[in-house]
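Here's the structure, in structure tokens; my notes come after.
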Amino acid sequence: METNCNPMELPNNTGFEEDSDYRDFEGTDVKDMRLEAEAVVNDVLFAVSNMFVSKTLPCAEDVAYINVETRERNRYCLELTEAGLRVVAYDFDQTDDRLQTPYHETVYSLLDSLSPAYREVFGNALLQRLEALKKESQS
């Protein structure tokens, strides 16, 4: 499923604020990786075919799993920890302990290494944003 979404129109509301499981974390210094994973997904969803936090693999304060399908139709399961993001399997909702892939500090870096189409879409979105800012400053 390919989506054409303008990154400037992405919603700020992720939809999980009302979920009682997350209210306990408000106002604390505890970093829940599921919340981080939701933010990662919302940040780059427009530039991939499909991306969502796994509901099958366990999420905790220190780890979350994200499924992503690139525009090239390659599927990955990503692990998100304090160390960063890395590929842990080449399919949704899977982990392969034998797979030793490097951590990436950002989702942008990871997707840039996996998907030329992501790189193009994301670059075009940045260019559109810069052009819009330029027009704004000229008016």
Say whether [X] and [Y] are linked into one hydrophobic cluster, either directly or through other cluster members, by side-chain heavy-atom distances under 4.5 angstrom.
X	Y	result
Leu126	Val48	yes
Tyr103	Leu57	no
Leu111	Tyr90	yes
Val107	Ile66	yes
Leu45	Val53	yes

Please determine, by modelled atom types, if Asn67 and Asp93 share a side-chain donor-acceptor pair under 3.5 angstrom.
->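 Indeed, the side chains of Asn67 and Asp93 share at least one donor-acceptor pair under 3.5 Å.
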
Establish, from distance only, whether the side-chain atoms of Tyr118 and Glu72 form a donor-acceptor pair under 3.5 Å.
->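 Note: Tyr118 and Glu72 side chains miss the donor-acceptor criterion.
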
Thr70 and Tyr76: CA distance, side-chain angles, deciding distance, side chain to side chain contact (heavy atoms under 4.5 Å, CB included) verdict | CA-CA 8 Å; Thr70 65; Tyr76 302 93; 3.8 Å; yes

Only counting residues at least two apart or in another chain, list the ones meeting side chain to side chain donor-acceptor pair (under 3.5 Å) with Asp112.
->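 Only Arg119 meet the side chain to side chain donor-acceptor pair (under 3.5 Å) criterion with Asp112.
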
Would you check if Asp62 and Glu82 make a side-chain contact, meaning some heavy-atom pair closer than 4.5 Å?
->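 They are not in contact (no side-chain heavy atoms under 4.5 Å apart), so the answer is no.
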
Close side-chain approach of Asp96 and Gln94, heavy atoms under 4.5 Å =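 Contact flag for Asp96/Gln94 side chains = no.
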
Is a side-chain N or O of Thr101 found less than 3.5 angstrom from the main chain of Val87, in a donor-acceptor match?
->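 Present.
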
Of the non-hydrogen atoms in [X] and [Y], which two are nearest, and what is the gap between them?
X	Y	value
Met51	Val41	O-CG1, 3.4 Å
His104	Ser113	CE1-OG, 3.6 Å
Arg86	Leu110	CA-CD1, 4.0 Å
Thr106	Leu85	C-CD1, 3.8 Å

Enter the distance from [X]:[atom1] to [Y]:[atom2] here, rounded to the nearest 0.5 Å.
X	Y	atom1	atom2	answer
Glu131	Arg129	CD	CZ	12.5 Å
Leu127	Phe122	CG	CZ	12.5 Å
Cys59	Glu36	SG	CD	12.0 Å
Lys135	Gln138	NZ	CD	9.0 Å
Ser54	Leu78	OG	CG	11.0 Å
Leu133	Gln128	CG	CD	12.0 Å

Scan Arg75, Arg73, Arg71 and name whichever one has a side chain to side chain donor-acceptor pair (under 3.5 Å) with Ser49.
->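 The option that passes is Arg73.
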
